[in-house]
Number of protein chains: 2
Amino acid sequence: MKSAQCDKRLAILQAALELIAEQGFHGAPMAMVADRAGVGAGTIYRYFENKDLLIAELYSALEQKLKVVLMEGYLPEKPIRERFIHLGRALLRYCIENPLHFRYIEQFHNSPYGVAFRRDKILGKQGECDVFRELFDDGVAQQVMKDLPLVILFALAFGPLLTVVRDHILNFITLDEPLIARTVEACWDGIRR
Amino acid sequence: MKSAQCDKRLAILQAALELIAEQGFHGAPMAMVADRAGVGAGTIYRYFENKDLLIAELYSALEQKLKVVLMEGYLPEKPIRERFIHLGRALLRYCIENPLHFRYIEQFHNSPYGVAFRRDKILGKQGECDVFRELFDDGVAQQVMKDLPLVILFALAFGPLLTVVRDHILNFITLDEPLIARTVEACWDGIRR
DNA sequence: ATGTTCGGAATAAACGTTCATTCTTGGTGG
DNA sequence: CCACCAAGAATGAACGTTTATTCCGAACAT
């Protein structure tokens with residue numbers, strides 16, 4: 001059957017997600033991933049060439065899913081401020097509801113894997129991922145955002161959001177819907193002219 | 001002699017700092033640290049009980065040094081805005097001039113070691129480190145800052161700063177003095193009422 | 001001579017990966 | 001309907017490498 005194969009593949013991805021998100025890359029040896037997925041150690045290599053590719057593939061899947069969620073209900077014709085607030089809130093909500101996804105993506109970014117990835121994203125082909133780039137370019141052009149380099153605006157917007165999510169997941173604070181709204185609006189104050 | 005011992009000790013710390021900052025914890029096996037420090041592999045264990053303690057001690061030293069630098073020229077009697085700008089600028093300057101220190105501290109925070117550390121810092125004994133806490137408490141009390149939980153204000157202030165330093169070190173952008181000033185002021189916009 | 005420090009080969013544990021073997025399955029001939 | 005079989009999937013013990021740590025003889029200072 002096809003579904004049986006898919007089951008195992010998904011089980012492996014899920015096990016890797018949980019272990020790596022919770023314990024980091026070191027805390028997730030292949031044997032442990034196999035164990036949690038309920039498969040033999042060698043089975044993983046039937047679905048993924050090696051550990052690096054498993055990690056990269058999982059990252060791509062999560063990134064893809066996040067992108068989809070962010071675009072849900074995004075209206076490009078609304079004013080820039082509203083578009084930003086929408087994206088910020090959606091991002092916070094998604095990360096809070098999927099802490100494992102968030103933690104995994106963070107682990108990935110803070111690893112040797114992630115650096116090359118981000119370098120390509122920011123400097124290389126700017127063809128995609130550009131809901132954000134477009135929004136910020138618009139914002140600067142229309143003079144509703146500060147006239148700062150794109151990278152700085154990104155930092156002002158997402159630096160606080162990701163920090164806040166980290167703190168929420170580590171139980172340093174509890175984010176509810178009103179607090180989310182106020183936080184995103186504070187971020188807007190940082191970038192708006 | 002005392003200085004000979006101190007030399008080796010410092011050489012080991014410096015070697016660990018460089019390797020871990022540049023390559024992460026994985027890229028810094030003890031044998032390599034010993035090599036770069038110009039000592040035998042076993043010698044490290046005369047100065048540090050094990051790798052974990054070496055890592056923790058190095059972190060404490062860097063944190064201590066950073067704290068001292070931030071307090072240089074800090075005037076508690078100045079207005080809150082000025083105090084914040086001073087701290088922000090000093091932080092950016094220090095991290096840019098000492099990228100290895102910054103990278104090491106980041107590596108530490110994003111590792112199993114760092115989490116317990118931060119938990120103690122934020123939730124536990126609030127007796128120290130409190131230049132920031134005091135400043136933000138004041139800011140909220142005097143109503144010049146937004147009435148948000150301390151953790152959120154911290155995120156709004158330092159999230160962007162640390163992100164920006166990361167981007168600078170990775171060569172995504174080049175921070176000069178004017179850009180530093182404008183970035184810190186944008187952060188202030190995020191937290192001010 | 002004697003006590004202290006050093007070095008790097010030796011050690012044991014842990015890791016990613018492989019591979020010879022076993023198990024499962026779906027089709028085929030009787 | 002059953003017995004059989006080829007072929008793909010799954011397994012986990014075994015392997016080679018890498019790691020932190022130990023240990024003992026050499027080098028040095030006193």
Side-chain angles (χ1 to χ4, degrees), chain A residues 1-60 104 107-108 110-114 116, chain B residues 1-61 104 107-108 110-114 116-117:
Chain A
M1 258 306 175
K2 246 318 163 26
S3 75
Q5 287 183 31
C6 239
D7 278 357
K8 291 207 191 280
R9 210 190 137 78
L10 286 180
I12 291 165
L13 285 169
Q14 179 66 23
L17 169 64
E18 292 171 12
L19 285 170
I20 292 173
E22 284 164 7
Q23 318 266 358
F25 289 103
H26 296 264
M30 293 298 257
M32 210 180 281
V33 173
D35 213 39
R36 180 175 289 224
V39 305
T43 306
I44 295 178
Y45 292 86
R46 299 200 51 76
Y47 296 95
F48 305 94
E49 200 174 317
N50 55 45
K51 191 177 186 178
D52 285 4
L53 287 182
L54 164 59
I55 287 170
E57 187 163 323
L58 181 49
Y59 174 78
S60 296
Y104 183 92
Q107 298 275 3
F108 186 85
N110 296 323
S111 76
Y113 309 110
Chain B
M1 255 311 175
K2 248 312 160 37
S3 75
Q5 287 184 30
C6 239
D7 277 358
K8 288 204 196 281
R9 209 190 139 78
L10 286 179
I12 292 165
L13 285 169
Q14 179 65 23
L17 169 64
E18 292 171 13
L19 285 170
I20 293 173
E22 284 163 9
Q23 319 266 359
F25 289 105
H26 296 262
M30 293 299 258
M32 208 179 284
V33 172
D35 214 38
R36 180 175 288 226
V39 303
T43 305
I44 296 178
Y45 291 85
R46 299 203 57 76
Y47 296 95
F48 304 95
E49 202 175 317
N50 56 45
K51 191 177 187 179
D52 285 5
L53 287 182
L54 164 59
I55 287 169
E57 188 164 324
L58 181 48
Y59 175 79
S60 296
Y104 183 92
Q107 298 275 4
F108 186 85
N110 296 323
S111 77
Y113 308 111
F117 229 89

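Quick caveat: nothing in here was measured; it's all calculated off a predicted structure. The chains referred to below are lettered A, B, ... by the order of the sequence lines, with proteins before strands, and numbering in each begins at 1.
Taking the nucleotide of DNA chain C with the nearest heavy atom to each of A/Thr43 and A/Ala28, the more 5' of the two is matched to A/Ala28.
With hydrogens and angles ignored, the 3.5 Å screen pairs a side-chain donor or acceptor of A/Tyr104 with a backbone N or O of A/Ile55.
Ring to ring, B/Tyr59 and B/Tyr113 are not that close: their centroids are 6.0 angstrom or more apart.
For DNA chain C, no neighbouring residue in residues 14-25 of chain B is found when judged by any heavy atom under 4.0 Å.
Listed pair A/Tyr47 / D/dA10 meets the phosphate criterion, a side-chain N or O lying under 4.0 Å from OP1 or OP2. Checking the phosphate oxygens (OP1, OP2) of C/dC6, no side-chain nitrogen or oxygen of B/Tyr45 falls inside 4.0 Å.
Distances were taken from every side-chain heavy atom of B/Pro29 (C-beta onward) to each of D/dA20, D/dT11, C/dG16; the shortest belongs to D/dA20. Set against C/dT5, C/dG7, C/dA9, the side chain of B/Ala41 has C/dA9 as its closest nucleotide. Of all nucleotides listed (D/dT11, D/dA20, D/dA10), D/dA20 comes nearest to the side chain of B/Lys51.
Contact annotation: the side chain of B/Leu13 never approaches that of B/Tyr47 to less than 4.5 Å [non-hydrogen atoms, C-beta and beyond]. No side-chain heavy atom of B/Ile20 sits under 4.5 Å from any side-chain heavy atom of B/Phe108.
Rounding to the nearest 0.5 Å places CG of B/Asp35 at 8.0 Å from CE of B/Met32.
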